[in-house]
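Chain letters run A, B, ... following the sequence lines, proteins first and then strands; every chain starts at 1. Worth knowing before you read on, the calculation uses all heavy atoms, side chains too, and leaves out hydrogens, waters and symmetry mates. Remember, it's a predicted structure, so these values are computed and weren't measured experimentally.
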2 protein chains.
Amino acid sequence: MNRKDPAALHEECCAITRALTQIGDWWSLMIVREAMLGTRRFSDFQQALGIARNILCNRLNRLVDAGVLNRVETDEAGRRPEYRLTEKGRDLFVALTALRQWGDKWILTDRPPLALRDRHSGRPVRPVQVLDADGEPLSLHQVMIDEDEAVNARLP
Amino acid sequence: MNRKDPAALHEECCAITRALTQIGDWWSLMIVREAMLGTRRFSDFQQALGIARNILCNRLNRLVDAGVLNRVETDEAGRRPEYRLTEKGRDLFVALTALRQWGDKWILTDRPPLALRDRHSGRPVRPVQVLDADGEPLSLHQVMIDEDEAVNARLP
DNA sequence: GCAGATGGTTTCAATTTGAAACCATGGACG
DNA sequence: CGTCCATGGTTTCAAATTGAAACCATCTGC
């Protein structure tokens, strides 16, 4: 599997590989994170992230091509376009929240954990978990990849 | 925030940023994914991923330094070391599962979804969600970052 | 019309990557 | 013992990617 060969990657059937190909580099993920905080404009991304402008431009285009962001031409002052999360982009919320919680638990060990709250009730959100059909949490070793589908789809 | 400045990044209090700094590049995440499938040896990672050997070596060392993998000197044939997931590494299971499900849902739209099953019951696992204190799913806009903590910790 | 803000592109040096060659160690086998 | 081969690295060097800065284009406000 060659990371730089688009055709080969497009044949790749591991969902993680495919996902990482679309959004799995530092800046793309940081941009999505920033977008989830409400940032929409080129210069706002640039200042918030401290990213080089050519790289920002490149990543925004990639994310638009991937359908994660939408480039919206606003009619407002200056005709500045906005970059807004699509449904697909918003759906990364779960993965990024899991990542945030992982970082809180394993890296920022000396700080107050879990500042994420339900806006409505004000109560903290639960740690994200993988649950079985009954809602019981599953660990890595309790999960398997379906044999048939795995073979058919050349997983992992 | 300069991505290449270790000191500055170490001050960074966004858990996502910190997490991405430790494991947020293509190969590191692919290696962790591969390790979750049971791969442990240098050459097995190399063949499974098609990664250059020097890069693999570099990433394995980084992951060991980050405490995501453990380098275990085995007594077996050839004294070949093994790289095994630590508790911290296994804990990435949730985030990677969320990413896999995202890829299944939004990229591999033409294929059978969700090959992940509970090994015990054989039933498919649920889609990972962010849940409130009562176990109700929360979307991006229903979640907020706690004001006080955000200010104290200079979040996001 | 002119200055400033904003969104982008170009340019070029510095860093990172990847392929291949090289090295070192530990069996296996004759 | 000596040779071969597998494995886990390291080194080397060309090619790709990144990042800082300069440049360009459009729109606003004055």
Separation of dT6(C) atom P from Arg40(A) atom CZ, nearest Å, is 17 Å
What is the distance from CD of Glu73(A) to P of dT6(C), rounded to the nearest Å?
17 Å
Ile55(A) CD1 to dA21(D) P: how many Å, rounded?
14 Å
Looking only at side-chain N and O atoms, does Asp25(B) offer a donor or acceptor that is under 3.5 Å from a partner on Trp26(A)?
no
Would you check if the side chain of Thr86(A) reaches a backbone N or O of Gly67(A) as a donor-acceptor pair within less than 3.5 Å?
yes
Rounding to a whole Å, what distance do you find between Leu56(A):CG and dT18(D):P?
13 Å
Base contacts versus sugar-phosphate-only contacts with protein, heavy atoms under 4.0 Å: please encode nucleotides 3-16 of chain D as B, S and - from 5' to 3'.
----SBBSBB----
Do any N or O atoms from the side chain of Asn58(A) and from the backbone of Asn54(A) form a donor-acceptor pair under 3.5 angstrom?
no
Whole-Å distance, Trp26(B) CH2 to dT17(D) P, equals 13 Å
Rounding to a whole Å, what distance do you find between Leu49(A):CG and dA20(D):P?
13 Å
Using the rule given for side-chain hydrogen bond (donor to acceptor under 3.5 Å, both in side chains), can you reason through Arg71(A) versus Tyr83(A), listing the C-alpha separation, both sets of side-chain angles and the distance that settles it, and then say yes or no?
CA-CA 5 Å; Arg71(A) 188 189 152 111; Tyr83(A) 296 90; 3.0 Å; yes
When rounded to whole Å, the CH2 to P distance for the pair Trp27(A) and dT18(D) reads 11 Å
Between Arg3(B) and dG19(D), does any side-chain N or O lie under 4.0 Å from OP1 or OP2?
yes
Specify the separation, in whole Å, of atom CD1 of Ile51(B) and atom P of dG18(C).
7 Å
Do Arg3(A) and Thr17(A) have side-chain atoms, one donor and one acceptor, less than 3.5 Å apart?
no
Going by atom types alone, do Glu34(A) and Thr39(A) pair a side-chain donor with an acceptor below 3.5 Å?
yes
